[in-house]
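Input: a single structure, listed below in structure tokens.
What's counted below: heavy atoms across the whole structure, side chains too, no hydrogens, waters or symmetry copies. Just so it is clear, the model here is predicted, and its values are computed rather than measured. Atoms within each ligand, like the ligands themselves, are counted from 1 in listed order.
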Amino acid sequence: MLIGNHVSSSGGYYAMGETALRLGANTFAFFTRNPRGGKAKEIDPADVEKFLRLAGEHSFGKLVAHAPYTLNPCAADKRVRQFAKETFLDDLRRMEYTPGNYYNFHPGSHVKQGADTGIALIAELLNEVLTPEQTTTVLLETMAGKGSEVGRTFEELRAILDRVEQKEKMGVCLDTCHVWDGGYDIVNNLDGVLQEFDRVIGLERLMAVHLNDSLNECASHKDRHARIGEGKIGLEALVRVIRHPRLRRLPFILETPNDDAGYRREIALLRSRCVETEEDS
Ligand code: FE
Ligand code: FE
Ligand code: ZN
């Protein structure tokens with residue numbers, strides 16, 4: 001099973017890889033720069049090389065990098081959209097140091113412009129930054145629908161994907177807390193939710209999972225993450241997610257409120273509950 005958590009990127013790639021191993025992880029997520037925005041540190045090729053060797057030795061799965069929260073491709077303010085574009089371009093350039101991984105982002109908040117305008121602006125930005133040469137796959141994250149967030153429904157994500165020219169560079173990251181808060185009942189009807197995802201988007205586009213419990217009820221539109229087993233989704237429903245035949249090979253990323261010891265415990269717990277078969281080894 002591929003599982004990991006968000007690790008601090010301040011020490012570089014090799015340090016992230018070592019942290020992941022220490023926590024029992026074989027993939028991880030990291031913010032490409034300060035999650036609240038700002039300038040990124042330049043990448044050290046020697047550090048990347050050391051990391052790639054380590055990742056190879058330990059059979060790491062694909063990494064799931066996360067764009068800063070302040071990146072809003074569908075902001076009403078043109079300068080905010082310009083910042084989103086510049087950040088996106090710089091992040092995609094830096095992602096190529098570690099080829100073939102994932103870059104996940106929140107589609108954004110349309111702030112009173114309406115979802116349709118939001119969708120058009122998000123697709124417009126993607127069409128300006130994606131290239132046929134890039135090896136990174138860009139993931140749209142499923143959102144809880146807090147405020148004017150775009151991407152609460154599978155239909156909105158599909159509408160964005162439909163407008164993107166470089167479709168083969170795009171995928172979706174399903175956040176269990178967000179879909180639950182968004183109104184998809186993964187506790188009582190995981191199969192139904194995945195069928196709906198397949199019907200609207202296509203399960204072949206689902207490339208990663210943010211594995212979080214939620215402090216709130218289904219359809220609360222709150223987006224407050226809880227530790228695994230301490231929220232309204234609960235451990236057993238999350239175990240069904242990691243064991244699901246259509247999901248079990250995806251990278252699972254924990255975004256739970258934890259320190260390192262807590263992440264190590266959650267990773268060990270989930271590993272003890274997943275089912276490995278012959279074909280996984
Ligand atoms: Fe996210
Ligand atoms: Fe998430
Ligand atoms: Zn969230």
Has Asp223 got an N/O/S atom less than 2.8 Å from the Zn ion (ligand 3)?
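Within the cut-off used here (under 2.8 Å), Asp223 does place an N, O or S atom near the Zn ion (ligand 3).
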With respect to the Zn ion (ligand 3), please indicate if Cys177 possesses an N, O or S atom at a distance under 2.8 Å.
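Checking Cys177: none of its N, O or S atoms is under 2.8 Å.
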Please determine whether [X] has a backbone or side-chain N, O or S atom lying under 2.8 Å from the Fe ion (ligand 1).
X: His106; value: yes
X: His66; value: yes
X: Glu255; value: no

His178 atom (N/O/S) at minimal separation from the Zn ion (ligand 3):
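Per the distance ranking, His178 contributes NE2 as its closest N/O/S atom to the Zn ion (ligand 3).
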When you check the side-chain N and O atoms of Thr32 and Asp91, is any donor under 3.5 Å from an acceptor?
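Yes, Asp91 and Thr32 have a side-chain donor paired with an acceptor closer than 3.5 Å.
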With a 4.5 Å limit on heavy-atom distance, are the side chains of Thr136 and Tyr102 in contact?
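No, every pair of side-chain atoms sits at 4.5 Å or beyond.
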Within the 4.5 Å heavy-atom criterion, are Phe154 and Val193 side-chain neighbours or not?
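The answer is yes; the side chains approach within 4.5 Å.
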Within rounding of 10°, what is the angle whose vertex is the Fe ion (ligand 2) and whose arms end at OE2 of Glu141 and OD2 of Asp175?
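It comes to 90°.
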Decide if atom CD of Gln82 counts as having more than 12 heavy atoms of other residues, nucleotides or ligands within a radius under 6.0 Å.
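Correct, the count exceeds 12.
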Please check if the distance between the ring centroids of His106 and His66 is under 6.0 Å.
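Centroid separation for His106 and His66: below 6.0 Å.
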Quick check: does His210 have an N/O/S atom under 2.8 Å of the Fe ion (ligand 2)?
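Given the 2.8 Å cut-off, His210 counts as a ligand of the Fe ion (ligand 2).
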Separation of Ile201 CD1 from Glu156 CD (nearest 0.5 Å)
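Glu156 CD to Ile201 CD1: 10.5 Å, rounded to 0.5 Å.
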